[in-house]
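Inspection log for the structure reproduced underneath, given as C-alpha cells.
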Amino acid sequence: MIVHHVLFWLKADTTADQKTAFRKSLETLEGVESIKTLHIGTPAPIERAVVDTTYTFSLTVFFDDLAGHDVYQTHPLHLAFLDGFRVYFEKVIIYDAE
C-alpha cells in the first residue's frame, strides 16, 4: 500500500470562492481509477504544540501499490487539477509512505 499525503498552503489572498473551487477540483480526483480511498480535509481545531494547523487543505490518497500511485501522477484529472489550481499554491508538502 502507498499513502500519498499532500498539505496545501494557499496564498493569503485566495478568496472563499476560489477555495471552494479548489476543494471541488480535489474532489474530481476520486475519478482516478487507481485510488482506493481519498480524504480531503482542513485543519482540525486541535491545540497542541506538535500539531500543525497552518495549512489550508489536506489531501490523503491510498493506493494498492506504487504502480497505482504512478497512474495517478500522470492521470488527466490530476494534471487538470495542477494546471488549474497550482496558481493558488503558496506552499505544498508531500509525504509518501508505504
Side-chain angles (χ1 to χ4, degrees):
M1 176 177 290
I2 298 289
V3 181
H4 180 67
H5 191 188
V6 186
L7 297 173
F8 298 96
W9 285 261
L10 301 186
K11 294 177 182 174
D13 63 352
T14 305
T15 68
D17 287 345
Q18 290 168 330
K19 288 178 182 177
T20 298
F22 187 92
R23 184 181 186 111
K24 286 183 180 183
S25 187
L26 285 175
E27 290 169 358
T28 69
L29 298 175
E30 290 181 304
V32 177
E33 59 278 356
S34 64
I35 290 176
K36 296 304 170 193
T37 304
L38 179 143
H39 180 266
I40 301 162
T42 55
I46 297 171
E47 295 182 21
R48 293 178 52 217
V50 297
V51 177
D52 182 356
T53 59
T54 64
Y55 62 92
T56 313
F57 286 101
S58 166
L59 172 69
T60 307
V61 184
F62 290 82
F63 304 97
D64 282 338
D65 52 28
L66 187 56
H69 171 270
D70 293 346
V71 167
Y72 166 79
Q73 290 299 325
T74 59
H75 195 282
L77 290 173
H78 182 241
L79 298 177
F81 164 74
L82 292 174
D83 288 344
F85 291 91
R86 71 169 29 115
V87 66
Y88 300 118
F89 300 176
E90 177 71 31
K91 175 181 168 182
V92 176
I93 294 181
I94 299 170
Y95 298 99
D96 289 326
E98 57 180 359

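Atom set for the values below is all heavy atoms of this structure, side chains included, hydrogens, waters and symmetry mates excluded.
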Among F22, W9, F8, F81, which residue satisfies the ring-ring contact (aromatic ring centres under 6.0 Å, His included) criterion with F57? F22
Tell me whether H78 contacts the main-chain N or O of Q73 through its side chain, where contact means a donor paired with an acceptor under 3.5 Å. yes
Evaluate whether atom CD of E33 has more than 12 neighbouring non-hydrogen atoms of other residues, nucleotides or ligands under 6.0 angstrom away. yes
Is V71 reachable from L79 through a run of I, L, V, M, F, W or Y residues, each pair having side-chain heavy atoms under 4.5 Å apart? no
Measuring from D70:CG to H75:NE2, what's the distance to the nearest 0.5 Å? 13.5 Å
Would you say that H5 contacts I94 through its side chain, given a criterion of any heavy-atom pair below 4.5 Å between the two side chains? no
Hey, what do you get for OG1 (T53) to CD1 (I46), rounding to the nearest 0.5 Å? 9.5 Å
Once you round to the nearest 0.5 Å, how far does CD of E30 lie from CG of L77? 11.0 Å
With distance as the sole test, does K19 use its side chain to make a donor-acceptor pair with the main-chain N or O of T56 at under 3.5 Å? no
Examine I35 and Y95 and state if one hydrophobic cluster contains both, with Ile, Leu, Val, Met, Phe, Trp and Tyr joined whenever side-chain heavy atoms are less than 4.5 Å apart. no
Please answer whether the main-chain N or O of A16 pairs with a side-chain N or O of T20 as donor and acceptor at a distance below 3.5 Å. yes
Minimal heavy-atom distance between R23 and T42, with the atoms involved, is NH1-CG2, 4.1 Å
Reported CG-to-OG distance for the pair L66 and S34, which is rounded to 0.5 angstrom: 10.5 Å
When you group the ILVMFWY residues by side-chain heavy-atom contacts below 4.5 Å and let the links chain together, are M1 and Y72 in the same group? no
Give, for atom OG1 of T54 and atom CG of D52, the distance between the pair rounded to the nearest 0.5 Å. 3.5 Å
Steps toward side-chain contact (heavy atoms from CB on, under 4.5 Å) verdict (T60, V3): CA-CA 7 Å; T60 307; V3 181; 3.9 Å; yes
Out of curiosity, does V51 fall in the hydrophobic cluster containing Y55 (side-chain heavy atoms, cut-off under 4.5 Å, transitive links)? no
The reported gap from CG in L10 to OH in Y88 (rounded to nearest 0.5 angstrom) is 9.5 Å
Under a single-linkage definition using a 4.5 Å side-chain heavy-atom cutoff for Ile, Leu, Val, Met, Phe, Trp and Tyr, are F63 and L29 assigned to the same hydrophobic cluster? yes
When L38 is tested against each of L26, L59, V32 for side-chain contact (heavy atoms from CB on, under 4.5 Å), which residue passes? L59
Take H4 and V6 through the test side-chain contact (heavy atoms from CB on, under 4.5 Å) and record every step on the way to the result. CA-CA 7 Å; H4 180 67; V6 186; 3.3 Å; yes
